[in-house]
J.: 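Before I ask anything, here is the structure I am working with.
Worth knowing before you read on, the calculation uses all heavy atoms, side chains too, and leaves out hydrogens, waters and symmetry mates.
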Amino acid sequence: MEGVISRTPLKRPGEVEEVSSMVAYLCLPAASYVTGQVIAVDGGFTVYVFQHPAEESIDDGSVGGSRWSLTGLVALVTGGTYGIGHAIVEELGELGAKVYTCSRNESKLNECLKECLPKASQVNGCVCDVSSREQRVQLMINNVGTNIWKPTVEYTAEEYGHMMATNLESSYHICVNFCSSSS
């Protein structure tokens, strides 16, 4: 990790809030013209092109204006109980979205919901039922993922299979379910 940090222009690891703010922005009507982009949130590692704007540059001067609100939208955030996913749940909830998240672990889910409710009143969750068609979803942030911190050539077949099922196959199936339930 220290080697990566030493090569990153900001010389520090990113904070989950820095990633969740970008995801939340992309969900806003203000970002409606941003399409088909790959946005590197990497502390300038690839190319330093983002300069944090002064708060005065925001059109209406507040976060509560119509361009900076997700009120009335429903979001499903997988992997929302910790890390980047948890920060995205909080950020979208604070911007007024009704947020659903899920987890394989019921106690982690309950802890996440307890932390979010004081900041965002419309955050709900379930234990790993991402294909539920009971709620219409307009936003989906497919954040679930896992990693094994060792060289790839040292993975067992079971470890590799688990990682691919979590990182690749689940994304496909969630997208298929999301597209069929929102049409």
J.: To the nearest 0.5 Å, what is the distance between CG (Leu113) and NZ (Lys108)?
T.: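 Between Leu113 CG and Lys108 NZ, I get 12.5 Å after rounding to 0.5 Å.
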J.: Can you tell me how far apart CG (Leu117) and CD (Glu90) are? Round to the nearest 0.5 Å.
T.: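 So the gap between those two atoms works out to 10.5 Å.
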J.: What verdict does the side-chain contact (heavy atoms from CB on, under 4.5 Å) test give for His86 and Cys116, after you've listed the backbone C-alpha separation in whole Å, the side-chain angles of each residue and the deciding distance to 0.1 Å?
T.: CA-CA 9 Å; His86 183 71; Cys116 289; 3.7 Å; yes
J.: Does Val74 form a side-chain contact (heavy atoms from CB on, under 4.5 Å) with Tyr100? I'd like the steps, not just the answer.
T.: CA-CA 8 Å; Val74 177; Tyr100 291 91; 3.6 Å; yes
J.: Hey, are the side chains of Cys27 and Leu70 touching, using non-hydrogen atoms and a 4.5 Å cut-off?
T.: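 A side-chain contact under 4.5 Å exists here.
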J.: Drop me the distance from Glu15's CD to Ser21's OG, to the nearest 0.5 angstrom.
T.: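 Rounded to the nearest 0.5 Å, the CD-OG separation comes to 11.0 Å.
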J.: Testing the basics here: between Gly145 and Asn167, what is the closest heavy-atom pair and its distance to 0.1 Å?
T.: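 Smallest interatomic distance, heavy atoms only, reads CA-OD1, 3.1 Å.
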J.: Taking the side chain as every heavy atom from C-beta outward, state whether His162 and Thr146 have any atom pair closer than 4.5 Å.
T.: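 His162 reaches Thr146 side chain to side chain.
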J.: In the structure I gave you, are the side-chain heavy atoms of Thr78 and Cys102 within less than 4.5 Å of one another anywhere?
T.: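 A side-chain contact exists here, since the closest heavy-atom pair is under 4.5 Å.
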J.: Could you check whether any side-chain heavy atom of Val123 comes within less than 4.5 Å of a side-chain heavy atom of Val89, counting everything from C-beta outward?
T.: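 Counting from C-beta outward, Val123 and Val89 do come under 4.5 Å.
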J.: How close do Pro29 and Ser69 get, heavy atom to heavy atom, and via which atoms?
T.: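 Minimum heavy-atom separation between Pro29 and Ser69: CD-O, 3.9 Å.
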J.: To the nearest 0.5 Å, what is the distance between CD1 on Ile84 and CD on Glu17?
T.: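 So the CD1 of Ile84 and the CD of Glu17 are separated by 10.0 Å.
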J.: For residues Ser107 and Asn105, is any side-chain donor paired with an opposing acceptor at under 3.5 Å?
T.: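 Short answer, yes.
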J.: Check whether Thr101 reaches the backbone of Val77 with its side chain - one donor and one acceptor, N or O, closer than 3.5 Å.
T.: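 Confirmed, Thr101 side chain pairs with Val77 backbone.
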J.: Is it true that atom NZ of Lys150 has more than 12 heavy atoms of other residues, nucleotides or ligands lying nearer than 6.0 Å?
T.: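 Correct, the count exceeds 12.
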J.: Please report the shortest heavy-atom distance between Cys112 and Gly80, naming the atom on each side.
T.: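 In this case the closest contact between Cys112 and Gly80 is SG-O, 3.3 Å.
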J.: Counting only heavy atoms not in Glu106 (residues, nucleotides, ligands), do more than 12 fall under 6.0 Å from its CD?
T.: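 Open: at most 12 neighbouring heavy atoms sit under 6.0 Å from CD of Glu106.
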J.: Please tell me if the side chains of Lys98 and Leu73 come closer than 4.5 Å, counting only heavy atoms from C-beta onward.
T.: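 They are not in side-chain contact.
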J.: Measure the spacing between CG of Asn147 and CD of Glu159 and express it to the nearest 0.5 Å.
T.: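 These two atoms lie 11.0 Å from each other.
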J.: Got Asn124 and Val99 here, is their nearest side-chain heavy-atom distance under 4.5 Å?
T.: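 With C-beta onward as the side chain, the pair stays apart.
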J.: I want to check something: taking the side chain as every heavy atom from C-beta on, are Glu115 and Glu111 in contact at a cut-off of under 4.5 Å?
T.: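 Answer yes - side chains close enough.
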J.: Measure the CG-OH distance between Leu109 and Tyr82 for me, rounded to the nearest 0.5 Å.
T.: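 Result: 12.5 Å between the selected atoms.
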J.: For Tyr160, is the OH atom crowded, meaning more than 12 foreign heavy atoms sit under 6.0 Å from it?
T.: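 Counting other residues, nucleotides and ligands, OH of Tyr160 stays at 12 neighbours or fewer.
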J.: For a 4.5 angstrom cut-off between non-hydrogen side-chain atoms, does Ile148 reach Tyr155?
T.: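 Ile148 vs Tyr155: side chains touch.
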J.: For Val16 versus Gly83, what's the shortest heavy-atom pair and its separation?
T.: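 Looking at all heavy atoms of both residues, the closest pair is CG1-C, 3.6 Å.
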